[in-house]
Amino acid sequence: MKTSFFTIAIAILTLFLSLSLSQRCNLKDEKTLLKIKKSLGNPYQLASWNGDSDCCRWYYVQCDLYNDRITALTIFSGNISGRIPDALGSLSFLETLIFRKLSNLTGQIPFTITKLTRLKNLTVSWTNLSGPIPSFLSQLKNLTLLDLSFNNFSGAIPPELATLPKLQTLHLDRNKLTGSIPESFGTFTGKGPAVYLSHNLLNGTVPKSLGRVNFTWLDLSRNSLQGDLTVFFGTNKTIKAADFSRNMFEFNFSKIIQFPASLSALDLNHNRIYGSLPETLTGLNLQKWNVSYNRLCGQIPAGGNLQKYDNTAYFHNRCLCGSPLPACY
Ligand SMILES: *[C@@H]1O[C@H](CO)[C@@H](O)[C@H](O)[C@H]1NC(C)=O
Ligand SMILES: *[C@@H]1O[C@H](CO)[C@@H](O)[C@H](O)[C@H]1NC(C)=O
Ligand SMILES: *[C@@H]1O[C@H](CO)[C@@H](O)[C@H](O)[C@H]1NC(C)=O
Ligand SMILES: *[C@@H]1O[C@H](CO)[C@@H](O)[C@H](O)[C@H]1NC(C)=O
Ligand SMILES: *[C@@H]1O[C@H](CO)[C@@H](O)[C@H](O)[C@H]1NC(C)=O
Ligand SMILES: *[C@@H]1O[C@H](CO)[C@@H](O)[C@H](O)[C@H]1NC(C)=O
Ligand SMILES: *[C@@H]1O[C@H](CO)[C@@H](O)[C@H](O)[C@H]1NC(C)=O
Ligand SMILES: *[C@@H]1O[C@H](CO)[C@@H](O)[C@H](O)[C@H]1NC(C)=O
Ligand SMILES: *[C@@H]1O[C@H](CO)[C@@H](O)[C@H](O)[C@H]1NC(C)=O
Ligand SMILES: *[C@@H]1O[C@H](CO)[C@@H](O)[C@H](O)[C@H]1NC(C)=O
Ligand SMILES: *[C@@H]1O[C@H](CO)[C@@H](O)[C@H](O)[C@H]1NC(C)=O
C-alpha cells in the first residue's frame, strides 16, 4: 500500500516537473528581451537569446517557478556596448538587475527603470555610466540593495534616496559625486542601511541629523568631508564599522566619553582630529583601528586591543605617546 502511494506520488511529481520544464516563458518578456538585445546591437554575448528556445533558459536571465516571468537579469561581465535600453522597463516582474564590469556600457540610467516596482537588487557597477544619479530611483520602494559603485556618475547625491524604506545597502562609492551628504540621510528608517560613499569628491559638513539613524556600517573615506563625528558615538549608538579616513574631519576626540559596545572597526587616518584617546577605547574589541595622521596628543591608553596594533596605527600625530609609540616623557 505504502509503496504504491509513493509510486503514484512520484509519478505525479515527475509529470508536474516535466510539464513545468517544457513550459515556455512569458511571451511578453521574450519580446522585451529580444528588443533589449536589438537595441544593444545584437551582441555576440547574447547569442543564446533567440526565439528557438525557451527564454527562461537563456543566459543571464532567470524566471520564477510559478508564472515563468523574468525575475532576474544579471550580466556580470562582458562586451556589451551602448546605453541601457528603455525596453528594460517592460520586464515588470524583475527583482534583480545586475550590470557589472561592462566598460562599454555608457549613458544614463533610463527613466523607464521606475516601472520595475518589484526590483529589490539594482547593481550597475564597473560600467561607464555617467551623469547624475537620478532621484527617480527613489520610486523603487522595494529596493534592498542599490549598488552604483565604480562608475562615472557625477553631481550631487539625491536626497530622495533616504525615502527608500527597505534599503539595506547603498553603494555610491568610486564615482565623481560632488556636494555634501544630504540632510535627509538622517531620516532613514529602521536600522539604517550600510552606506558606502568613499572615493568621491564630496565636501561640506556631515549633517548632525545622521546621528539620529542607527547606522551599523559607514564608509565615508577619501572625500573632503568636514565636521564632527561624535554624533556617531555614545552608548546608545549601534555603529559596528566605520571608515572616515582621508577627509577633513576636525573635532576633539576627548569629547567622546563612551563608544558603542558594538564598535569593532574604526579608521580615522588622515584627518584633523585633536584631543586625546579616551580611556574607554580599551573596553572595545577592535578588529580594525587606525588614528594615524591626525593631531592627537597624550598617552595611548594601555589595555584592550590598543597595543595589538603597530605604531603605524598611531604615527604622524601631534604628540601621541606610549606603547606602541615611544614612551611619554
Ligand atoms: C569596447 O569597445 C571598443 C570599441 O568597439 C572595443 O575595442 C573594446 O574591446 C570594447 N571593450 C570591451 C571590454 O569589450
Ligand atoms: C567587443 O565588441 C566589439 C564589437 O561589438 C568588437 O569590435 C571588439 O573587438 C570586442 N572586444 C572584445 C574584447 O571582445
Ligand atoms: C513591491 O513588490 C511587490 C511584489 O513583490 C509588489 O506587489 C508591490 O507593489 C511592490 N511595492 C511597491 C511600492 O511598488
Ligand atoms: C568619464 O566620463 C567622461 C565624460 O563624461 C570621460 O571623458 C571619461 O573618460 C570617463 N572616465 C571613466 C573612468 O570612465
Ligand atoms: C570607459 O572607461 C574606461 C576606463 O575604465 C575609459 O578608458 C574609456 O575611455 C571609457 N569609455 C567610454 C566610451 O567612455
Ligand atoms: C544582489 O545580487 C547579488 C548577485 O546575485 C547577490 O550577491 C547579492 O546577495 C544580492 N543582494 C541582495 C540584497 O539581494
Ligand atoms: C535605534 O536603536 C535604539 C536602541 O538601541 C532604539 O531605541 C531606537 O528606537 C532606534 N532608532 C531608530 C530610528 O530606529
Ligand atoms: C564644495 O566644492 C564645491 C566645488 O566642487 C565648492 O564650490 C563649494 O564651495 C565646496 N563647499 C564647501 C563647503 O567646501
Ligand atoms: C541617544 O541618547 C541621546 C542622549 O543621551 C539622545 O539624545 C538620542 O536621542 C539617543 N539616540 C537614540 C537613537 O536612541
Ligand atoms: C578636548 O576636550 C577635553 C575634554 O572635554 C578638554 O579637557 C581639552 O582641553 C580639549 N582639548 C582641546 C585641544 O580643545
Ligand atoms: C594606518 O593608516 C596609515 C595611513 O593609511 C597606513 O600607512 C598604516 O599602515 C595603517 N596602519 C594600520 C595598522 O592599519
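In what follows, residues are counted from 1 in the order of the sequence shown. Order of appearance sets the numbers: ligands from 1, and atoms from 1 within every ligand. Everything quoted here is computed from the prediction, not taken from an experiment.
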Inset, instruction - Search all heavy atoms of Lys237 against all heavy atoms of Pro260 and return the closest pair with its distance. - result: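 Scanning both residues, the minimum pair turns out to be O-CB, 3.2 Å.
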
Inset, instruction - Say whether Thr238 and Thr216, considering side chains only, have a donor N or O and an acceptor N or O under 3.5 Å apart. - result: no

Inset, instruction - Report yes or no: do Thr127 and Asn151 form a side-chain donor-acceptor pair below 3.5 Å? - result: yes

Name the closest protein heavy atom to [atom], giving the residue it belongs to and the distance to 0.1 Å.
atom	result
atom 14 (O) of ligand 3	Thr117 CB, 3.4 Å
atom 7 (O) of ligand 11	Phe315 CZ, 4.0 Å
atom 4 (C) of ligand 3	Arg118 NH1, 3.6 Å
atom 1 (C) of ligand 10	Asn252 ND2, 1.4 Å
atom 13 (C) of ligand 3	Lys141 CB, 3.7 Å
atom 5 (O) of ligand 11	Arg246 NH2, 3.2 Å
atom 2 (O) of ligand 11	Asn290 ND2, 2.3 Å

Legend entry - Flag: protein heavy atom within less than 4.0 Å of atom 11 (N) of ligand 10: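 Answer yes: something from the protein, a heavy atom, is under 4.0 Å.
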
Inset, instruction - Answer yes or no: is the gap between the SG atoms of Cys56 and Cys25 smaller than 2.5 Å? - result: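 A disulfide is absent here, as the SG pair of Cys56 and Cys25 is separated by 2.5 Å or more.
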
Inset, instruction - May I ask you to check if the distance between the SG atoms of Cys55 and Cys63 is under 2.5 Å? - result: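 Their SG atoms do not fall under 2.5 Å; no disulfide, then.
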
Inset, instruction - Could you check whether the rings of Phe249 and Phe244 sit parallel, tilted or perpendicular, using 30° and 60° as the cut-offs? - result: perpendicular

Inset, instruction - Using a strict cut-off of 4.0 Å, indicate which atoms of ligand 11 neighbour a heavy atom of Ser292. - result: 1 (C), 2 (O), 3 (C), 4 (C)

Should the proximity of [X] to ligand 11, defined as any heavy atom under 4.0 Å, be assigned to the side chain, the backbone, both, or neither?
X	value
Asp310	side chain
Thr312	both
Lys308	neither

Legend entry - Approximate separation, where rounding is to 0.5 Å, of Asn128 CG and Ser81 OG: 10.5 Å

Inset, instruction - For the pair Lys120 and Glu95, find out whether any cationic side-chain nitrogen is under 4.0 Å from an anionic carboxylate oxygen. - result: yes

Legend entry - Heavy-atom nearest neighbour of atom 3 (C) of ligand 3 within options Asn142, Thr71, Leu143: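 Comparing heavy atoms across Asn142, Thr71, Leu143, the nearest one to atom 3 (C) of ligand 3 lies in Asn142.
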
Inset, instruction - Using the side-chain contact (heavy atoms from CB on, under 4.5 Å) rule, pick out the option among Val124, Leu145, Thr74 that qualifies with Ile98. - result: Thr74

Inset, instruction - May I ask you to check whether Lys255 has an N/O atom sitting below 3.5 Å from an N/O atom of ligand 10? - result: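 N/O-N/O distance below 3.5 Å does not exist for this pair.
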
